[in-house]
Amino acid sequence: MIIKYGVPGIRKPHSAEPLAQKGNEMKNAATKLILITLCICFFGCAHTPGDAALRAGHPEEAAKLYKAGAEQGDASAALKLGLILEEGRVKEDTFGSPVSWYEKACKLGSNPGCHNAGVSYEYGENGANKEITKSYNYYLIAAERGYMQSQYNLASLYSNQYVQPQNDVEGLKWMLLAQDAAKRCQNVPLCQWILDDSPGHKSKIKSRLSEEQIKSAEALAISWKPK
């Protein structure tokens, strides 16, 4: 669910209001989703050497095992090391930055790893500089593989007009794909959140499109296939 595995689409809305006014509300929503995701990651993911040490309350030992696994090509180990670093359970001086392990996980084929790298670069956190282009590129990798959270986040980048050149048809396409995926898991809070789209990204994008352009976006979403 996040998979903060990342924050799946919680971001500052593009509006005329000062961003700070909505900051706390969005931050609180993001925090709740992150907590849900962490539970999913550590109790729902495939077993990874290091999990038992973490459950036993030995994060340093877990981090050593995750690091060894990641260096041997285990994407889940790289993702989990990034997560416990982001939580502050182990020291970055010893194990590196969270984003470095998210990027490693992404390179090893982890969609959540790509997603979290995207979140890190979008917000300039976890050891990453704020770089929207890098954020977009990491989201795109996972989105093109069918990862719902990254599809939503891509749509939000277009909604907020962070992507240049601006392409609202493409932005609406990603929103439609994310919401179509969310319809298949409506009992999951994150999926329902994406369907509700409380930041209003879908309506913002559609307000800038003609009826013909909306139909084009819908056609693109219907014909889209994951890579």
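All of these numbers come straight from a predicted model, not from anything done at the bench.
In terms of modelled atom types and a separation under 3.5 Å, the side chain of Glu61 and the main chain of Ala53 share no donor-acceptor contact. In terms of modelled atom types and a separation under 3.5 Å, the side chain of Ser216 and the main chain of Glu212 share a donor-acceptor contact. Counting only distance, with no hydrogens or angles, the side chain of Asn160 and the backbone of Tyr162 share no donor-acceptor pair below 3.5 Å. For Ser135 (side chain) and Glu131 (main-chain N/O), no donor-acceptor pair under 3.5 Å exists by modelled atom type. Distance alone, capped at 3.5 Å, places no donor-acceptor pair between the Ser150 side chain and the Tyr147 backbone.
For the 3.5 Å distance criterion, the side chains of Asp51 and Tyr66 qualify, holding a donor opposite an acceptor. Side chains of Gln192 and Asp196: a donor on one and an acceptor on the other come within 3.5 Å. In this model, no donor atom of one side chain and acceptor atom of the other lie less than 3.5 Å apart for Glu122 and Tyr136.
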Between Gln166 and Asp168, does a side chain to side chain donor-acceptor pair (under 3.5 Å) hold up when you go through it step by step? CA-CA 6 Å; Gln166 181 66 15; Asp168 284 325; 2.5 Å; yes
Might you work through the side chain to side chain contact (heavy atoms under 4.5 Å, CB included) test for Met148 and Asp180, ending with a clear yes or no? CA-CA 9 Å; Met148 176 185 69; Asp180 183 63; over 6 Å; no
Passes side chain to side chain contact (heavy atoms under 4.5 Å, CB included), Lys107 versus Tyr102? Steps please. CA-CA 9 Å; Lys107 290 176 183 176; Tyr102 292 150; over 6 Å; no
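At a threshold of 4.5 Å between non-hydrogen side-chain atoms, the residues Leu190 and Gln149 count as touching. Here the side chains of Asn116 and Leu83 are in contact, with some heavy-atom distance below 4.5 Å. Residues Glu170 and Lys173 form a side-chain contact, since some pair of their non-hydrogen atoms from C-beta on lies under 4.5 Å apart. Using a 4.5 Å cut-off on side-chain heavy atoms (C-beta onward), Ser97 and Glu92 make contact. A 4.5 Å side-chain heavy-atom check between Lys204 and Ser159 finds at least one atom pair inside the cut-off. Counting heavy atoms from C-beta on, the side chains of Glu87 and Pro98 never come closer than 4.5 Å. Side-chain contact between Trp101 and Leu79 is absent, with no heavy-atom pair separated by less than 4.5 Å. Considering only heavy atoms from C-beta on, Leu176 comes within 4.5 Å of Lys202 through its side chain.
A continuous path of Ile, Leu, Val, Met, Phe, Trp and Tyr side chains, each step under 4.5 Å between heavy atoms, connects Leu177 with Leu154, placing both in one hydrophobic cluster. When hydrophobic clusters are built by joining Ile, Leu, Val, Met, Phe, Trp and Tyr residues whose side-chain heavy atoms come closer than 4.5 Å, directly or via intermediates, Leu85 is grouped together with Leu54. One hydrophobic cluster, built from ILVMFWY side chains closer than 4.5 Å, holds both Leu220 and Leu172. Clustering ILVMFWY residues whenever any of their side-chain heavy atoms sit less than 4.5 angstrom apart, transitively, puts Leu157 in the very cluster that holds Val119. If you chain together hydrophobic residues whose side chains sit under 4.5 Å apart, Leu108 and Val99 never meet in one group.
Other residues, nucleotides and ligands place more than 12 heavy atoms under 6.0 Å from the CD atom of Gln164.
Aromatic pair His115/Tyr138: ring centres not closer than 6.0 Å.
Among all heavy-atom pairs drawn from Gly96 and Ser100, the shortest one is C-OG, 4.3 Å. For the residue pair Ala105 and Gly113, the shortest heavy atom distance occurs at CB-CA, 4.0 Å. For the pair Ala70 and Lys104, the tightest heavy-atom approach, listed with the atom from each and the gap, is O-CE, 3.4 Å.
Evaluated for a ring-ring contact (aromatic ring centres under 6.0 Å, His included) with Tyr152, the options Trp193, Tyr139, Tyr158, Trp174 yield exactly one hit, Trp193.
Interatomic distance, Cys106 SG to Asn111 CG, rounded to the nearest 0.5 Å: 8.0 Å. How far NZ of Lys67 is from CG of Leu81: 8.5 Å, rounded to the nearest 0.5 Å.
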